[in-house]
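Presented below is the structure to which this report refers.
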Amino acid sequence: MLTIHIFVFLTAATHQLAFAARKDVDQIVSLPGLTYDVQFKQYSGYLQGTTGVNLHYWLVESQSATPSTDPLILWLNGGPGCSSVKGLIKELGPFHPNPDGVTLFENVYSWNKKANVLFVEMPKNTGFSFQNTSLNNGTTYNDETTGADTLAAVKDFFDSYPEYRTRDFYVMGVSYGGVYVPLLTNLLIKEIQAGRLTANLVGIAIGNGQLKVTQIINSNMVLLYAHGLIGKDDWDSLQKCCPNTTLVDCDFSQWLTLNTDGVPYPVNITTECGGIVADLGLARVWATLNNVYNIYQDCYQKPATSSKTSFASSEVPLPGSRSAENAFIDQGSMINWASTDAFGGYSCYADSAAERFLNTPIVRDALHIPSEAPTWQTCSSIGHLVAEL
Ligand SMILES: *[C@@H]1O[C@H](CO)[C@@H](O)[C@H](O)[C@H]1NC(C)=O
Ligand SMILES: *[C@@H]1O[C@H](CO)[C@@H](O)[C@H](O)[C@H]1NC(C)=O
Ligand SMILES: *[C@@H]1O[C@H](CO)[C@@H](O)[C@H](O)[C@H]1NC(C)=O
Ligand SMILES: *[C@@H]1O[C@H](CO)[C@@H](O)[C@H](O)[C@H]1NC(C)=O
């Protein structure tokens, strides 16, 4: 008995050493482009998914005075195929890229002011995540494979950072995260109940979550009116299309729907109502300069010297990529140098600035990204392989 106990103890101790070493290796000691001193620790490296699947993670510890008692948030972006590092660098993380794609400025609203935030890039081959083809050539993408890889990665995280096991743990995500978050949480609960995972899971949160196509389309029409993107006359003109119901109960999805990539396209456009709904619910949102991530503002392509009013006319060419065929537009090509909005037109240039920053060799080195990992993209083309709408 005694021998066995010693053996177990030594094995555990050896594991602890190995994990501590990996955490040390993954610490980001100096991130190029920072224009201010960060007062928190951050780590970037890989978590093990299923065999041969290496999921990139970036952990930013809390900026509060008590990071060691603050909660842990796992953050998952959607798509599918959009990088969770996009969430860090464009959305809720501690710093954002300037238009130069080289320097970073502080996001004073960062969620890591109060929480430790773990960004995991999934599914496989999203962002810096990659597959080791000498171990796994699998090409299957679905919610089950994504769930299995992410679950394994989360378990690997807690093995590597055991101090987080007792911390309040939240799983949060956006968009297609409306599918990932509940599916992963279901798996986590089963693992915890079976005694295969020790973690203090206390809650989930979903922003702008994936819904059924009919719910997305129908709620979107109401949202556009409620936020003033379409006017009262436009709204009233829809009444003839839904004569027997109030407009909030109308099924607009008979004229507008989503393809499997989540991209909206019109159906029955040759009918009068098909034309009206396609115009109000699609063309005026996606085929204009409207900034879909900040709908009260437009994106602009003019240089900084232009004034806002000088290009509010039809002389402005519509960006070619901005169409119903490609709703996930390259916002980075639409830099709003002259923006007056509170975010400085940030979301218009953020995609290309983030891609330029993250693909800089010294930045990849600082983040411990190996040469086998792909060029970082905000969203990869694997989305249509994953979506199960
Ligand atoms: C891929 O797996 C092989 C076999 O385990 C290993 O030798 C190699 O280092 C791995 N490559 C990467 C980039 O992790
Ligand atoms: C994956 O395919 C490559 C190229 O055909 C091959 O070298 C490798 O052994 C394969 N990996 C596995 C795990 O079968
Ligand atoms: C509206 O209701 C009337 C009377 O019940 C019916 O004849 C008509 O077909 C309905 N129209 C639609 C578009 O459902
Ligand atoms: C197009 O309109 C016709 C006639 O109203 C209807 O029967 C059909 O279901 C519509 N098609 C789609 C894809 O909604």
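We use all heavy atoms of the structure for the numbers below, so side chains are in, but hydrogens, waters and symmetry mates are not. Both counts, for ligands and for their atoms, begin at 1 and track the order of listing. Position 1 is the first residue of the sequence; numbering continues from there.
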Is the shortest distance from [atom] to a protein heavy atom below 4.0 Å?
atom: atom 11 (N) of ligand 1; value: yes
atom: atom 2 (O) of ligand 2; value: yes
atom: atom 7 (O) of ligand 2; value: no

Can you find a heavy atom in the side chain of Phe252 that is under 4.5 Å from one in the side chain of Leu280?
no
For Pro370, is the nearest heavy atom under 4.0 Å from an atom of ligand 1?
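Judged by the 4.0 Å heavy-atom criterion, Pro370 does not count as contacting ligand 1.
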Do the ring planes of Tyr164 and Phe157 sit parallel (below 30°), tilted (30 to 60°) or perpendicular (above 60°)?
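Answer is tilted, since the angle falls between 30° and 60°.
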In a single word, yes or no, tell whether Cys82 and Cys379 have an SG-SG distance below 2.5 angstrom.
yes
I need the nearest protein heavy-atom contact for atom 14 (O) of ligand 1: residue, atom name and distance, please.
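That would be Asn132 ND2, 3.6 Å.
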Nearest protein heavy-atom contact for atom 5 (O) of ligand 2: which residue, which atom, what distance?
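The protein heavy atom lying closest is Asn137 ND2, 4.9 Å.
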Quick one: are the ring centres of His227 and Tyr296 less than 6.0 Å apart?
yes
Given the side-chain rings of Tyr46 and Phe130, with only the six-membered ring counted for Trp, is the space between their centroids under 6.0 Å?
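Yes, the ring centres sit under 6.0 Å apart.
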Under 3.5 Å between any N/O of Glu372 and any N/O of ligand 1: does that happen in this structure?
no
Identify, by atom number and element, the atoms of ligand 2 in contact range of [X], meaning under 4.0 Å from any of its heavy atoms.
X: Thr133; result: 1 (C), 8 (C), 10 (C), 11 (N), 12 (C), 13 (C)
X: Asn136; result: 13 (C)
X: Ser134; result: 13 (C)

Candidate list Asn116, Val38, Asn112, test side chain to side chain contact (heavy atoms under 4.5 Å, CB included), partner Glu61, passing option:
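By the side chain to side chain contact (heavy atoms under 4.5 Å, CB included) criterion, Glu61 pairs with just one of Asn116, Val38, Asn112: Asn116.
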Under the salt bridge (Lys or Arg N to Asp or Glu O under 4.0 Å) test against Asp159, which residue among Arg22, Arg165, Lys23 passes?
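With Asp159 as partner, Arg22, Arg165, Lys23 yield a single salt bridge (Lys or Arg N to Asp or Glu O under 4.0 Å), made by Arg165.
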